[in-house]
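First the structure, in the form of structure tokens, and then the observations on it.
Numbers restart at 1 for each chain; the letters A, B, ... are given by sequence-line order, proteins then strands.
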2 protein chains.
Amino acid sequence: MSSSVPKPRCLQRPFVAPRLHMFGPGPSNVPTRILQAGAQPIIGHMHPEMFEIMDDIKSGIQYAFQTRNSMTFAVSGTGHTAMECALVNAVEPGESVLAAVNGIWGERATNVAERIGARVNTIAAPPGGTFILQEIEQALSRHRPMVFFVVHGESSTGVLQPLEGIGDLCRKYKCLLLVDSVASMGGTPLYMDKLGIDILYTGSQKVLNAPPGTAPISFSQRACQKALNRKTKPVSFSLDLTWLANYWGCDGAPARMYHHTGPVSAFYSLRESLAVLSEEGLENSWERHRTAAEYFHNGLESMGLKLYVKDKNARLPTVTTIVAPLGYDCYEIRSYLMKTHNLEISGGLGPSFGLVLRVGLMGCNSSKANVDMVLRALKDALEHCHRSKM
Amino acid sequence: MSSSVPKPRCLQRPFVAPRLHMFGPGPSNVPTRILQAGAQPIIGHMHPEMFEIMDDIKSGIQYAFQTRNSMTFAVSGTGHTAMECALVNAVEPGESVLAAVNGIWGERATNVAERIGARVNTIAAPPGGTFILQEIEQALSRHRPMVFFVVHGESSTGVLQPLEGIGDLCRKYKCLLLVDSVASMGGTPLYMDKLGIDILYTGSQKVLNAPPGTAPISFSQRACQKALNRKTKPVSFSLDLTWLANYWGCDGAPARMYHHTGPVSAFYSLRESLAVLSEEGLENSWERHRTAAEYFHNGLESMGLKLYVKDKNARLPTVTTIVAPLGYDCYEIRSYLMKTHNLEISGGLGPSFGLVLRVGLMGCNSSKANVDMVLRALKDALEHCHRSKM
């Protein structure tokens, strides 16, 4: 046999990535320091140096999540994979999941849980809104779920869900509290243990400023008790907590067995991103995001723009949703910003599709200087983009 | 609330990766050119430039696999994830899978298929052995599976499975042919279309010399026909072919929808690795691996070492299994090589555990110079390591 599919010409062009201001809801810009950490030479996924890096990552996540859970590690995948990892391990077919849906992530969790055979009930809040303890308790009492899923930072709508008190309710109703903090972790206070969160995950490409592809996750003792004493095997071998726990040295076993080949370079950059967060300190990072967001929101309102989330306390400091400016085509605004300012902002997603512009200022991107840049660019766009008569 | 989990000290140390000769069964060394491609600035997972990169990757995989399948893309995960992606999409609960087991990968596929509710039958060959058409046909005729799984390069035993004729048998018995080429692709002739392979996958970290974390995969029209006309949804949202096909522009739809955030940096490096393979040319790469392996195997036998795979034609040119030298402790040999020569080789895995040393010379590592280096180092190890009286 001879080669019959010819060499592709497109691969002869060298690829040079454009330098952009990544001010959408993620991925955010990755500092050179973190990119270069990821470009270090490859070592083996089972080398002692690798296990040390994984131990460092574990410590970094424990700090970032404010947890002492030993079952803490990074999933080899994005936030979506972490969501699947949580549900696939915590829920057996036929068991009940309650999902709080006020944006796309609640919808996705519902989709994921249904696929693995869970009975899923939902409580809904209008996009831009949050859930109060009373309605959560009513739903827990009515559905008696095994897992309650809620999103801390709903990046599709720009909403920050208060978590205080939910952990106690979940204990009262004997259910596990599963929280998605992909868009919030590192940008706003979050104390896994104190809040009684049983499973928490985030993504690498938001406040952590690492490339997408790894997802920190942590399981409480209650969650482990459930996940490690199942009647059925989790449907996914790759995401099986028993195997992952051993690979990450979380199970106390004397030796780590080969499970899968971890993404070595991505673990290098994740470690570096956790080192950066640790250097600044969580409280400083939270405060920096809070200050920049407040400054940004004031600036937007001064320009006559409206914020999509009415309640000031429910505004996510990492991702801001701006009501689509009347008379403008949001797509034109975004294209103009990219073309003229090399600046990415995003449109709506899921329930906010067509209704908002989304600006993410996360990790190193969250600064007064960047807020000023976005405000100037937006002003410029509103002056130059086409506006229909109203 | 105040921060109660303190900053981890371990993250204060900068991490510097050691420079090693990665001559185990993978990950292999990553050339600076590919590492630096992965360190380019991040762009968005839905940017036009990203879709262009993904299209380039698709073309590169079509060339590397020698296929014209439009359903060709990279899974955001390792070879294991690709294995799950194949089975999760092609098989519905209750359907039958036949797995050829002559090493760890057949065992893993069995495990994965059972978890998703498939009825799994196996045919077994002793470790180091291959399957002949007659026994495959007998099993196909007896079990009438929906999918037949076979490993092209069984890296746990160093075996290359001939694939000629299996595609025809699978057509005769109306089953899909699923082939794992993680350890073989690029290092030995493999023509997906001509061989009638319905689903083929590999990993980024072997012959392609990219960091671990992405996995090229391709589905034939027959495979798509089955996978896209299921009665049940695949258990995994992340791996759902309908969504992935759209994200990768394989479904002919006018627009790509957000599915998950692809690992941008890993796609950069995968693209570069495919460009490198394309520059050299598949036939040249195959010939280089063949020549280096033959030279290596002769050298080993000249030293008095024995190859684990008796049949010369069944020896994988990428991963060589050497019978554990009599009287030596394999672990000591490997430690000595790492300590004294910064050189990784591996021990056995699964059925070959404790029985062999495994040496991988893949992609850029497959050269006469590297063979000489390994032979010298092995000789040195056998001279210096402890040998028990026999």
Subject >> Heavy-atom contact with chain A under 4.5 Å, split by part of B:Thr67 >> reply: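 The backbone, not the side chain.
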Toward chain B, the part of [X] with a non-hydrogen atom under 4.5 Å:
| X | answer |
| --- | --- |
| A:Glu272 | neither |
| A:Met46 | neither |
| A:Asn111 | side chain |
| A:Ser28 | backbone |
| A:His47 | side chain |
| A:Tyr268 | side chain |
| A:Thr78 | side chain |
| A:Pro234 | both |
| A:Thr32 | neither |
| A:Glu344 | side chain |
| A:Ile34 | neither |

Side chains of [X] and [Y]: closer than 4.5 Å at any heavy-atom pair?
| X | Y | answer |
| --- | --- | --- |
| B:Asn29 | A:Ile42 | no |
| B:Pro8 | A:Ser278 | yes |
| A:Asp240 | B:Arg115 | yes |

Drop me the distance from [X]'s [atom1] to [Y]'s [atom2], to the nearest 0.5 angstrom.
| X | Y | atom1 | atom2 | answer |
| --- | --- | --- | --- | --- |
| A:His80 | B:Ser236 | NE2 | OG | 10.0 Å |
| A:Asp55 | B:Cys10 | CG | SG | 8.0 Å |
| A:Phe15 | B:Ile53 | CZ | CD1 | 3.0 Å |

Original post:
Who wins among B:Gly213, B:Ala275, B:Ala266 for the most heavy-atom pairs under 4.5 Å with chain A?
Top reply: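 Heavy-atom pair counts peak at B:Ala275.
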Subject >> Top contributor to chain A contacts, counting heavy-atom pairs under 4.5 Å, from B:Leu277, B:Val16, B:Leu239 >> reply: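 Highest number of pairs under 4.5 Å: B:Val16.
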Please check if the side chain of [X] supplies one atom and the backbone of [Y] the other of a donor-acceptor pair under 3.5 Å.
| X | Y | result |
| --- | --- | --- |
| B:Arg19 | A:Pro41 | no |
| B:Glu84 | A:Phe237 | yes |
| A:Gln66 | B:Ser4 | yes |

If we define contacts as heavy-atom pairs under 4.5 Å, which of [options] has the most with chain B?
| options | answer |
| --- | --- |
| A:Met83, A:His260, A:Arg271 | A:Arg271 |
| A:Met50, A:Gln205, A:Arg13 | A:Arg13 |
| A:Arg9, A:His45, A:Arg68, A:Arg108 | A:Arg108 |

**OP:** Provide the closest heavy-atom pair for B:Ala39 versus A:Gln36 in the form atom of the first, atom of the second, distance.
**Re:**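 Taking B:Ala39 first and A:Gln36 second, the nearest heavy atoms are CB-NE2, 4.0 Å.
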Subject >> Taking every non-hydrogen atom, the tightest pair across B:Ala17 and A:Ile43 >> reply: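 Heavy atoms of B:Ala17 and A:Ile43 come nearest at CB-CG2, 4.5 Å.
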